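Whatever order the structure lists ligands and atoms in, that order sets their numbers, starting from 1. Quick caveat: nothing in here was measured; it's all calculated off a predicted structure. Just so you know, these numbers use all the heavy atoms, side chains as well, and skip hydrogens, waters and symmetry mates.
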Amino acid sequence: MQHVDLKEIRAGLHVGKKVTVCGWVRTSRDSKNVAFAELNDGTELSHTQVVFDKAKFNDNDLAPMLALGAALRVVGDVVNGQREGTYEIQAESAELLGGSDGTYPLQKKRHTMEFLRTIPHLRVRTNTFNAVFRVRSELSYAIHEFFHKNGYYYVHSPIITGSDCEGAGEVFKVTTVGFDPTVKSEEEYYKKDFFGRSAGLTVSGQLEGEVMATALGKIYTFGPTFRAENSNTPRHAAEFWQVEPEVAFADIDDIIGIATDMIKYITSYILEHCATELKFFEERFEAGLIAKLQNVADSDFARIDYKDAIEVLKKSGKQFVYPVEWGLDLQTEHERYLTDEYFKKPVFVVNYPRKIKSFYMKQNADGVTVAATDLLVPGVGEIIGCSEREADYDKLLNEIKSRGMKLADYANYLDLRKFGSVPHSGFGLGLERMLMYVTGMSNIRDVIEFSRTKDDLK
Ligand code: 4AD
Ligand code: MG
């Protein structure tokens with residue numbers, strides 16, 4: 001269908017010319033001699049005004065073309081708008097491509113986020129979600145660009161796996177076998193199943209990423225990961241996207257440097273390429289958003305040892321709900337205090353106790369901590385989980401055994417430590433968490449078009 005993108009009209013490329021444009025009616029006004037429709041075709045956040053001279057249009061034809069949500073094709077002249085630097089289209093003829101009646105749920109008023117979550121198939125037609133998904137696309141592109149420019153290979157890790165990378169027991173089962181009351185044991189049950197063993201949806205592409213990195217050197221995966229986390233919080237989803245670089249010949253300090261460079265790069269990219277959207281989020285959702293992001297792009301991140309972070313929390317004078325003690329994991333409230341109030345910028349918390357972290361992390365010389373770090377950011381908390389990996393065969397073997405994990409599931413992974421083992425490190429950035437940080441959206445359900453959370457799948 002030959003037509004011009006509205007983005008080009010708004011850029012002033014066709015002024016004085018006759019064009020054909022398409023789009024959905026986002027708002028409209030009708031008066032005695034003239035009617036106006038604001039059209040949006042998805043090429044830009046802002047709308048383009050179409051002016052209908054009522055002398056040229058039959059009332060019965062025009063009315064459905066002014067309905068909110070209707071899809072139109074319009075032929076008309078591009079002229080200067082009322083405000084300097086704006087352009088509008090004087091319609092000569094118009095065609096209703098798809099009508100929309102009074103039941104269209106997006107009316108002129110401002111809808112609540114809760115209501116909009118009930119209509120995931122339509123909410124992207126609001127300015128807010130249009131902006132969110134535009135930024136999501138740009139952010140994904142920026143991530144690819146950063147890694148590509150820095151010599152990383154993009155590899156694809158499997159969605160169906162037989163191991164639990166994080167060992168947290170949050171794996172969704174993949175099965176074709178239904179309920180069978182005659183089955184005696186778990187083993188017997190899985191024998192009958194599709195793979196002849198238990199299988200699940202991946203919680204992380206890391207283990208396969210390590211395989212690739214120990215041949216290709218620098219790789220990243222970027223894809224969906226799944227967690228059957230029973231936590232109904234604004235920052236946990238059952239399905240979310242993770243970017244996971246894995247780098248051979250890199251220690252914990254190297255990977256912290258890489259994570260910092262990546263966050264700065266993608267933040268600068270969004271500042272440059274999504275200025276309209278950020279201005280919108282700043283006005284509607286988070287005052288000071290643009291200055292915050294500029295600060296991320298321009299200044300250093302903080303870094304603190306886990307044991308010192310515990311001291312900071314203890315001395316904060318705050319009444320936390322969860323206890324603060326060496327050896328206990330940091331809860332969201334602790335993370336938020338450290339980053340929102342104490343550092344007021346992104347902070348890497350380094351060297352966590354071994355017992356609260358995953359099996360694959362490199363054991364520090366003290367025997368009780370691991371070379372692991374989380375990057376915490378104001379307003380969101382953890383956005384990156386990162387570590388140097390244990391490269392020593394025996395230490396890793398003991399860790400797998402002592403955690404009661406099934407050795408057979410990790411045999412290939414252990415092999416990597418048998419044949420040319422090297423220091424290597426990696427991290428996982430939650431795409432939605434980063435998106436929340438960049439847009440100021442406070443609920444993860446609002447940065448995924450079709451969000452999957454506990455008891456909620458639409
Ligand atoms: O800290 P996590 O669990 O680390 C890993 O999975 C490592 N295997 C990554 C690696 O080293 N390659 O998860 C990484 C990030 C978190 O920091 C968070 O941003 C995001 O993934 N994340 C979630 N995002 C949304 N919903 C959830 N349920 C999430 N769980 C983790
Ligand atoms: Mg984590």
Nearest non-hydrogen protein atom, [atom]:
atom                    : answer
atom 15 (C) of ligand 1 : Gly428 O, 3.5 Å
atom 5 (C) of ligand 1  : Glu166 OE2, 3.3 Å
atom 18 (C) of ligand 1 : Arg433 NH1, 3.4 Å
atom 23 (C) of ligand 1 : Phe240 CE1, 3.4 Å
atom 12 (N) of ligand 1 : Glu244 OE2, 2.7 Å
atom 14 (C) of ligand 1 : Gln242 OE1, 3.3 Å
atom 13 (O) of ligand 1 : Arg227 NH2, 3.7 Å

What do you reckon, is [atom1] of [X] surrounded by more than 12 foreign heavy atoms closer than 6.0 Å?
X      : atom1 : answer
His144 : NE2   : yes
Lys458 : NZ    : yes
Gln107 : CD    : yes

Backbone or side chain, does any N or O of [X] fall under 3.5 Å from an N or O of ligand 1?
X      : result
Glu229 : yes
Gly430 : yes
Glu382 : yes
Ala237 : yes
Ile383 : yes

State plainly whether the residues Glu283 and Lys279 are in salt-bridge range, i.e. N to O under 4.0 Å.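 Result for this pair is yes, salt bridge flagged.
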Look at ligand 1 and say whether [X] reaches it with a heavy atom at a distance under 4.0 Å.
X      : answer
Ser387 : no
Arg389 : yes
Arg235 : yes

May I ask you to decide if the ring planes of Tyr269 and His273 are parallel, tilted or perpendicular, using 30° and 60° as cut-offs?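 Parallel, since the angle between the ring planes stays under 30°.
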Which of parallel (below 30°), tilted (30 to 60°) and perpendicular (above 60°) describes Tyr220 and Tyr152?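 The rings of Tyr220 and Tyr152 stand perpendicular, inter-plane angle above 60°.
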Within Glu382, is some N, O or S atom less than 2.8 Å away from the Mg ion (ligand 2)?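 So Glu382 counts as coordinating the Mg ion (ligand 2), yes.
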Centroid-centroid under 6.0 Å between Tyr410 and Phe359 rings: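 Yes.
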Kindly say whether Glu335 contributes a backbone atom to a donor-acceptor pair with the side chain of Thr339 at under 3.5 angstrom?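 Checking the backbone N and O of Glu335 against the side chain of Thr339, no donor-acceptor pair under 3.5 Å is found.
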Do Glu244 and Ser204 have a side chain donor and acceptor closer than 3.5 Å?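 Yes, a side-chain donor-acceptor pair sits under 3.5 Å.
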Keeping to residues at least two apart or across chains, list the salt bridge (Lys or Arg N to Asp or Glu O under 4.0 Å) pairs with something in residues 122-133.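 Applying salt bridge (Lys or Arg N to Asp or Glu O under 4.0 Å) to every pair that reaches into residues 122-133, excluding sequence neighbours, yields Arg123-Asp446, Arg123-Glu449.
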